[in-house]
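Counting starts at 1 for both ligands and their atoms, in listed order. In this chain, numbering begins with 1 at the start of the sequence shown.
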Amino acid sequence: MTGPAHDHDSTGEAGMDGADLTWDAGAQKAGFSLPARFFYDRDIFERECTDIFYKSWQLVAHINELDGPGAFVTLDIIDQSVIVVRGADGVIRAFHNVCRHRGNRLTEERRGVSSAFVCGYHAWTYGTDGALRGAPKTDAIPGFDRSCFGLVPVRVEVFASFIFVNLDDGAKPITEMAPGAEVLIRSHMPDLDTLELIEEVDVPVAANWKVIQENSIEGYHFEYSGPEHKQLAKLIDFSGYRLTPHGEWWTYIGPPKPGTTEAYGVPLEGATWQTDGFFNFGLWPNATLYVFPYADMVGTFIMTPTGPETSTLRFGYYGPKGRAQSEVTKACVRWMNEDLGPEDIRLNVTTQKGLRSLGYQHGVYLIGDGVTNRSELLVRHFHHLCHRAINGSSGA
Ligand code: FES
Ligand SMILES: [Fe+2]
């Protein structure tokens with residue numbers, strides 16, 4: 001099976017920035033995947049920054065992380081940074097994390113509690129409502145009006161008890177992107193509103209963000225890619241594993257395997273859990289909420305690019321507030337951090353190296369009859385969303 005050479009029947013175009021966005025239409029029809037250069041080309045990456053990451057909903061934190069006035073979290077979105085803070089009035093607001101004076105980043109903390117943000121350069125001071133409260137010696141500036149120099153707001157939404165921000169003021173609300181999703185999520189995550197952060201782990205990965213996402217949205221590799229994946233496959237009824245695209249969101253769900261007596265090396269006898277199934281909800285472009293079988297835990301899995309071939313993979317673990325973590329839950333978090341996660345990350349890194357090979361131009365999706373549970377259907381779906389997003393506003 002070889003792919004057709006470039007022809008005129010193509011989708012994509014060379015943008016004004018020089019990005020070659022061509023994904024040959026004949027190759028697409030033949031089932032060939034997004035060309036390899038989409039995973040390392042700097043011009044394409046820059047297009048993704050502006051057309052995907054500056055325009056999409058980015059998961060910041062669980063709502064309970066902002067549990068009182070002044071509680072804040074920050075999120076870096078490539079070269080952008082956003083502060084999300086609960087004001088004295090209880091309202092959650094988001095702002096660009098930049099001082100209006102000479103552009104100093106206000107805070108480098110991921111989390112904190114503060115009644116004000118004081119710039120470390122010349123001490124301009126902003127309230128949690130974003131207003132500029134103090135600006136030393138600015139009385140000397142003729143006509144200076146503090147009210148014109150508040151922090152610049154950013155869109156913020158709470159969806160399924162998680163906080164999301166979007167740098168695009170015109171973005172459609174998440175409930176419009178993912179109609180019906182919250183009800184489904186809640187049916188698999190009954191403790192969603194009472195979660196608290198157990199642990200957050202950021203891992204630098206030498207791979208394009210899409211390589212990490214692809215790996216997470218297919219089950220084809222479960223039984224072949226290493227011992228930890230085989231462990232996961234033992235906990236779910238893999239014949240019932242289903243991957244479902246829904247436009248700008250997707251799910252992959254596996255029912256529990258009957259008769260399971262231990263998970264993550266821990267006996268299940270006497271343990272309690274929120275769900276015995278494997279459930280994953282993905283929101284375009286890079287957020288995943290999931291539950292693992294028998295763990296009393298909701299996980300977040302977010303890959304954010306730091307360059308064309310580098311990413312930060314953030315693992316968040318949340319458990320019901322005030323409930324002691326079960327041994328199974330602790331074992332699950334450890335297993336994800338130390339065993340399953342690294343097994344996937346090794347594959348991401350070796351895939352990234354391979355994508356650079358002169359011997360590889362594009363791949364082929366495993367999609368066909370009888371492979372529902374192993375299908376790379378969501379990989380194809382994701383590739384099309386990526387390609388459409390960076391073609392849609394080329395203006396060329
Ligand atoms: S840059 Fe922030 S006070 Fe000067
Ligand atoms: Fe995996």
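A salt bridge does not link D168 to R155: none of the charged nitrogens lies less than 4.0 Å from a carboxylate oxygen. Salt bridge annotation for R110-D202: absent, with no cationic side-chain nitrogen under 4.0 angstrom from a carboxylate oxygen. Under 4.0 Å is where a charged nitrogen must lie from a carboxylate oxygen, and between E309 and K353 no such pair does. A salt bridge links E48 to K210: at least one charged side-chain nitrogen sits closer than 4.0 Å to a carboxylate oxygen. A salt bridge does not link K230 to E223: none of the charged nitrogens lies less than 4.0 Å from a carboxylate oxygen.
Contact shell of ligand 1 (protein heavy atoms, cutoff 4.0 Å): C99, H101, R102, N104, C119, Y121, H122, A123, W124.
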Would you give me the side-chain donor-acceptor pairs under 3.5 Å for residues 67-76, sequence neighbours excluded?
from	atom 1	to	atom 2	distance (Å)
T74	OG1	E109	O	2.7
D76	OD1	S81	OG	2.9

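Protein N/O/S atoms found under 2.8 Å from the Fe ion (ligand 2), listed by chain and residue number: H221 NE2, H229 NE2, D344 OD1, D344 OD2.
Between F162 and F164, the distance from one ring center to the other does not fall under 6.0 angstrom.
S147 pairs by the side-chain hydrogen bond (donor to acceptor under 3.5 Å, both in side chains) definition with D145, not counting sequence neighbours.
Using bins of under 30°, 30° to 60° and over 60° for the plane-to-plane angle, the ring pair W124/F149 lands in the perpendicular bin.
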